[in-house]
2 protein chains.
Amino acid sequence: MMTKHAKEMGVLKEHLGKHQLKFTRQRELILDAFLKQEHITAEEMYHQLARKDPHLGLATIYRTLNLFCEAGLAQARHFGTQTQYDNVSHKGHHDHLICTGCGKIVEFENCDIERLQEEVASRNGFTIQTHRLELYGLCSRCRH
Amino acid sequence: MMTKHAKEMGVLKEHLGKHQLKFTRQRELILDAFLKQEHITAEEMYHQLARKDPHLGLATIYRTLNLFCEAGLAQARHFGTQTQYDNVSHKGHHDHLICTGCGKIVEFENCDIERLQEEVASRNGFTIQTHRLELYGLCSRCRH
DNA sequence: TTGAAATTGATAAACCGTCTCAAAAATAAT
DNA sequence: ATTATTTTTGAGACGGTTTATCAATTTCAA
């Protein structure tokens, strides 16, 4: 059947080919599930995929999500005690406002900031591939 | 001047007073060591202070750094697998341009970006305490 | 089809940070 | 000062998350 995520699947396959790694049913399943999310933890994905056809071990999920990071499809973000894996290719890249009081996360996008980032990069001779912007502070509720 | 960090020591003592907490030699030592750094992990501080007069347990260091956070002197950030405690009173925040090819890191500062960040935060009811901005890409050398 | 090489899942182990608790220290009361 | 009360400390136990180990399985090129 025709897969929904042909482009990302291609990116993965190219990365696998370049590193003598193999394309497996597990990696395909995990990528499919991953691309449906904006961000997810390994544990969450483990429970989501627990009942799928080939049973997926937690170790495999961790290994695969880390592989996605190396392939540029995902980005790891440590928050609280867990690691969030962000879907980089998710359209409309978003940044995070994180409340240091209660842990609430608000996603936002700001074109002006992105434009300035490009400016800073080119001034330094860089071409940006991706970025990470996290603002830490107190939400209105926690400030009081 | 008696102590080098009189101002911060005052902030700490005020916080202690307000919460029925006690001023101890350990808290004094840890604050002194902390204020010399821009940021530090509990583990790093543990090794730094291992040979000091009163021996400091790792648990005490964690407890005290968290206390500093509550007093507004420090700010915890999850970086990699560990928690970085940032020295809030340390000014001159800088962001990073990171080359994914050779690992080169360029530091930069951009007031316009910072201003826009404040804007985004207040629009969402947040007060920013700190932030983290990393731009990943290829430097001029690696692009060719 | 065959065989070398990589991957998988289960679980052990490592790691980080917090919790527990008896002993010690700091403050308040006498 | 001395005593009483409360908090803090350090050592190690503990819990949750992530990585390492390894035999069995799967992939893929020849």
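Quick caveat: nothing in here was measured; it's all calculated off a predicted structure. The figures here come from the full heavy-atom set of this structure, side chains too, leaving out hydrogens, waters and symmetry mates. Chain letters run A, B, ... following the sequence lines, proteins first, then strands; residues in each count from 1.
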Look at all strands and tell whether B:Q82 reaches a base, only sugar-phosphate, or nothing, counting heavy atoms closer than 4.0 Å.
sugar-phosphate

Interatomic spacing from CG in B:L97 to CD in A:Q117 - rounded to 0.5 Å:
9.5 Å

Under-4.0 Å side-chain N/O to phosphate OP1/OP2 contact, B:T83 with C:dG17
yes

By the 4.0 Å heavy-atom rule, please label A:E43 as base, sugar-phosphate, or nothing.
nothing

Measure the distance from CD1 on A:I61 to P on C:dT11 and round it to the nearest whole Å.
16 Å

Atom-to-atom span, CD1 of A:I30 to C1' of C:dT7 - whole angstrom
11 Å

Between A:A76 and A:T83, the two heavy atoms sitting closest are CB-CG2, 4.0 Å

In this structure, how many angstroms lie between the P atom of C:dC15 and the NE2 atom of A:H78, rounded?
16 Å

Length of the CD-P vector between B:E70 and C:dT18, whole Å:
11 Å

Spacing between A:E28 atom CD and D:dT26 atom C1', to the nearest angstrom:
15 Å

With a 4.0 Å limit, can you tell me whether A:T81 has a side-chain N or O closer than that to the phosphate oxygens OP1/OP2 of D:dG16?
no

For A:Q84 and A:H96, test the side chains for any donor-to-acceptor distance below 3.5 angstrom and give the result as yes or no.
no

Counting only side-chain N and O atoms of A:Y62, is one of them less than 4.0 Å from OP1 or OP2 of D:dT19?
no

Output yes when at least one side-chain N/O atom of B:H55 is less than 4.0 Å from OP1 or OP2 of D:dA11, else no.
yes

Shortest side-chain distance from B:L56, nucleotide among C:dT7, D:dT18, D:dG10:
D:dG10

Can you name the side chain to side chain contact (heavy atoms under 4.5 Å, CB included) partners of A:Q82, sequence neighbours left out?
A:T41

Nearest to the B:T60 side chain among C:dG9, D:dG10, C:dG17, which nucleotide is it?
D:dG10

In the 5'-to-3' direction, what one-character label does each nucleotide of nucleotides 22-30 of chain C receive under the scheme B = base within less than 4.0 Å of a protein heavy atom, S = sugar-phosphate only, - = no such atom?
----BS---

Spacing between B:Y46 atom OH and C:dG17 atom P, to the nearest angstrom
14 Å

Specify the residue among B:A59 and A:G57 whose closest nucleotide of DNA chain C lies further upstream toward the 5′ end.
A:G57

B:R63 CZ to C:dC21 C1', in whole Å, measures 11 Å

C:dT18, OP1 or OP2 - any side-chain N/O from B:N66 closer than 4.0 Å?
yes

Nucleotide C:dT7, atom P - distance to CG of A:L31 in whole Å
15 Å

List the steps and the verdict of salt bridge (Lys or Arg N to Asp or Glu O under 4.0 Å) for A:E118 and A:R115.
CA-CA 5 Å; A:E118 291 289 348; A:R115 188 175 40 71; over 6 Å; no

Want to settle it: does A:L16 or B:L58 sit nearer the 5' end of DNA chain C, counting the closest nucleotide to each?
A:L16

Heavy-atom pair with the smallest gap, counting every atom of A:R27 and A:K22
NH1-O, 2.7 Å

Find the bend of the helix from C:dT1-D:dA30 to C:dT30-D:dA1 as the angle between its two terminal axes (five pairs each), to the nearest 10°.
30°

Looking at every heavy atom in both B:V106 and A:N124, which two are closest together, and how far apart are they?
CG1-OD1, 3.7 Å

Which atoms form the tightest heavy-atom contact between A:V11 and A:A71, and what is the distance?
CG1-O, 3.8 Å

Should the pair B:F34 and B:F68 be assigned to parallel (<30°), tilted (30 to 60°) or perpendicular (>60°) ring geometry?
tilted

Is there a path of hydrophobic side-chain contacts, each under 4.5 Å between heavy atoms of I/L/V/M/F/W/Y residues, joining A:L138 to B:Y85?
no

